[in-house]
> 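Here you go, one structure.
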Amino acid sequence: MSKICFYSVPHPSISSYFDLIDYSVSHGLTHLEGFCRFELTLPDKQSAKKIKAYADEKGISFSCFSVFVNLIGDDAPEMIERLKGFAEVCAILECPYLHHTIASNFSNPEEVLCNGEENFQKGIKAVRKIYDYAEGLGVKTIYEEQGYIFNGVNGFARFLKEVDRNIGVVADFGNIYQAGNTPEEFINAFGHLVKHVHIKDVLIKDNNATGQGLKTLDNKYMFEVPVFEGCVDIQGLIARLEFKGYNGFYGLEFAADKESIEKIDLMLKG
């Protein structure tokens with residue numbers, strides 16, 4: 001299972017990075033994807049050093065580190081500094097990739113698209129600053145399709161072109177539906193640039209009866225569900241990525257159960 005790592009692990013027994021490292025070891029994994037939670041909710045370099053020492057002791061490495069921020073709001077300068085701190089954390093953890101959101105916290109496209117061009121340019125400028133800082137530390141910044149602006153095949157292609165930096169791509173199996181596209185379309189377009197993968201499953205519905213769905217750009221609603229319970233062709237997408245030459249790690253979102261891990265491990269081996 002060397003290509004699988006935990007990303008978001010909602011589990012009652014995990015309340016620290018040390019627990020997460022132990023949990024990864026107990027599942028036979030060698031890597032994990034960090035996230036801005038537990039001791040590293042903020043970029044604490046002293047905590048990062050302790051976590052790195054424990055990870056080394058247990059034989060665990062970091063494949064990627066993800067941070068949830070909004071870079072187009074009024075506090076963008078503060079968020080940029082926060083991400084620079086996480087780039088320093090990545091350097092301590094010897095984690096090659098820093099992944100972060102750009103325009104998060106939006107559940108309705110009208111909230112962000114009304115100033116779409118202005119928000120796009122804000123995001124671009126922020127990404128350049130973070131990339132340049134991280135590059136000086138030997139850390140590469142990578143980005144997934146997310147939100148309503150930096151999403152969709154066309155929107156993401158524009159982002160890659162205009163950012164004018166050698167950024168990498170995270171293929172998220174679920175987020176692309178929010179833009180009315182499919183993960184197959186995204187991988188066909190950008191699979192050769194993918195450095196990391198988030199395995200996620202979703203359901204797409206015509207209504208939002210529960211109030212829990214995210215509105216999509218094709219006027220439907222997206223609901224995140226445990227892997228193998230939605231519409232995502234996980235096995236087909238893994239095969240498509242490997243055809244494109246991908247040989248990196250797959251971060252499991254909402255998929256800490258043994259059955260899901262075993263199924264995905266069989267797919268990766270098959």
Side-chain angles (χ1 to χ4, degrees), residues 6-12 35 37 66-73 99-120 122-123 143-159 169-191 197-241 250-257 259-261 263-264 267:
F6 289 135
Y7 171 29
S8 181
V9 185
H11 195 284
F35 188 62
R37 70 193 324 175
S66 290
V67 183
F68 187 82
V69 294
N70 180 20
L71 296 176
I72 65 174
H99 160 250
H100 64 85
T101 56
I102 304 171
S104 59
N105 293 331
F106 292 99
S107 60
N108 192 307
E110 284 77 17
E111 296 178 32
V112 62
L113 293 179
C114 61
N115 295 308
E117 184 59 28
E118 178 184 353
N119 289 329
F120 181 86
K122 285 181 181 178
Y143 300 87
E144 68 183 8
E145 72 285 19
Q146 50 90 15
Y148 296 105
I149 299 176
F150 303 92
N151 203 345
V153 172
N154 292 335
F156 201 81
R158 184 189 175 198
F159 167 57
V169 173
V170 178
D172 186 291
F173 286 180
N175 287 354
I176 192 68
Y177 287 101
Q178 195 172 350
N181 291 154
T182 67
E184 287 81 3
E185 291 171 319
F186 186 84
I187 291 170
N188 286 346
F190 310 112
V197 174
H198 286 161
I199 292 182
K200 181 189 296 181
D201 210 346
V202 303
L203 284 174
I204 304 299
K205 297 183 179 181
D206 292 328
N207 62 72
N208 192 22
T210 65
Q212 301 298 312
L214 287 175
K215 191 174 183 180
T216 69
L217 292 182
D218 56 350
N219 294 314
K220 297 181 181 179
Y221 293 90
M222 183 181 87
F223 300 80
E224 293 187 16
V225 296
V227 292
F228 306 113
E229 293 185 14
C231 63
V232 176
D233 178 13
I234 294 172
Q235 184 170 13
L237 293 173
I238 290 173
R240 194 177 295 255
L241 278 165
Y250 296 82
L252 297 181
E253 291 198 49
F254 307 104
D257 59 283
E259 181 181 1
S260 295
I261 295 167
K263 285 182 179 180
I264 292 174
M267 290 180 185

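Predicted model only: the values in this text are computed from it and were never measured. Excluded from the calculations below are hydrogen atoms, water molecules and symmetry mates; all remaining heavy atoms, backbone and side chain alike, are included.
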> In Å, rounded to the nearest 0.5 Å, how long is the span from OH of Y148 to CG of N119?
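Atom-to-atom, Y148:OH and N119:CG are 13.5 Å apart.
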> How far does NZ of K205 sit from OG1 of T216, to the nearest 0.5 angstrom?
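The OG1 atom of T216 is 14.0 Å from NZ of K205, to the nearest 0.5 Å.
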> In Å, rounded to the nearest 0.5 Å, how long is the span from CE of M267 to CD1 of I199?
8.0 Å
> Give the C-alpha distance, both sets of side-chain angles, the deciding distance and a yes or no for side-chain contact (heavy atoms from CB on, under 4.5 Å) between I72 and E118.
CA-CA 9 Å; I72 65 174; E118 178 184 353; over 6 Å; no
> If you look at every heavy atom in F173 and P183, which pair is closest and at what distance?
O-CG, 3.6 Å
> Applying side chain to side chain donor-acceptor pair (under 3.5 Å), can you list everything that pairs with Y250, at least two apart in sequence or on another chain?
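By the side chain to side chain donor-acceptor pair (under 3.5 Å) rule, Y250 matches no residue at all.
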> Side chains of N208 and K215: any donor to acceptor distance under 3.5 Å?
no
> For a side-chain contact (heavy atoms from CB on, under 4.5 Å) check, start with the C-alpha distance between I102 and Q146, then their side-chain angles and the critical distance, and finish with the verdict.
CA-CA 8 Å; I102 304 171; Q146 50 90 15; 3.4 Å; yes
> Hey, what do you get for CD1 (I238) to CD1 (I264), rounding to the nearest 0.5 Å?
6.0 Å
> Students often mix this up, so state it plainly: with edges at 30° and 60°, are the rings of Y7 and H198 parallel, tilted or perpendicular?
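Taking H198 first and then Y7, their aromatic rings lie parallel (interplane angle under 30°).
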> What are the two closest non-hydrogen atoms of N175 and K200, and how far apart are they?
OD1-NZ, 2.7 Å
> Would you say that F186 contacts N151 through its side chain, given a criterion of any heavy-atom pair below 4.5 Å between the two side chains?
no
> Please report the shortest heavy-atom distance between G230 and D201, naming the atom on each side.
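Distance-wise, the nearest heavy atoms are N-OD2, 2.9 Å.
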> State the CG-NZ distance between L203 and K220, to the nearest 0.5 angstrom.
12.5 Å
> For residues V232 and Y177, determine if any side-chain heavy atom of one lies less than 4.5 Å from a side-chain heavy atom of the other.
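Yes, side chains in contact.
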> The criterion is salt bridge (Lys or Arg N to Asp or Glu O under 4.0 Å); which residues satisfy it with K263, sequence neighbours excluded?
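For K263 the salt bridge (Lys or Arg N to Asp or Glu O under 4.0 Å) partners, ignoring immediate neighbours, are E259.
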> Side chains of F156 and I176, heavy atoms from C-beta outward: is any pair under 4.5 Å?
no
> Taking all non-hydrogen atoms of both residues, which atom of S66 and which atom of H99 are closest, and how far apart?
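Smallest heavy-atom distance, with atoms named: OG-ND1, 2.7 Å.
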> Could you walk me through whether R240 and D233 pass the side-chain contact (heavy atoms from CB on, under 4.5 Å) test, one step at a time?
CA-CA 10 Å; R240 194 177 295 255; D233 178 13; over 6 Å; no
> To the nearest 0.5 Å, what is the distance between CD (E145) and CD (E185)?
11.5 Å
> Identify the heavy atoms of V153 and A189 that sit nearest to each other, and give their distance.
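Heavy atoms only, the tightest pair is CG1-CB, 4.1 Å.
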> Is the shortest side-chain heavy-atom distance between S260 and L252 below 4.5 Å?
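With C-beta onward as the side chain, the pair stays apart.
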> I'd like to know whether CG of D218 has more than 12 heavy-atom contacts from other residues, nucleotides or ligands below 6.0 angstrom.
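Count over threshold, so yes.
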> For E184, does the CD atom have more than 12 heavy-atom neighbours from other residues, nucleotides or ligands under 6.0 Å away?
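Counting other residues, nucleotides and ligands, CD of E184 exceeds 12 neighbours.
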> Tell me whether the centres of the aromatic rings in Y143 and F159 are closer together than 6.0 Å.
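Yes, they do, as the ring centres are separated by less than 6.0 Å.
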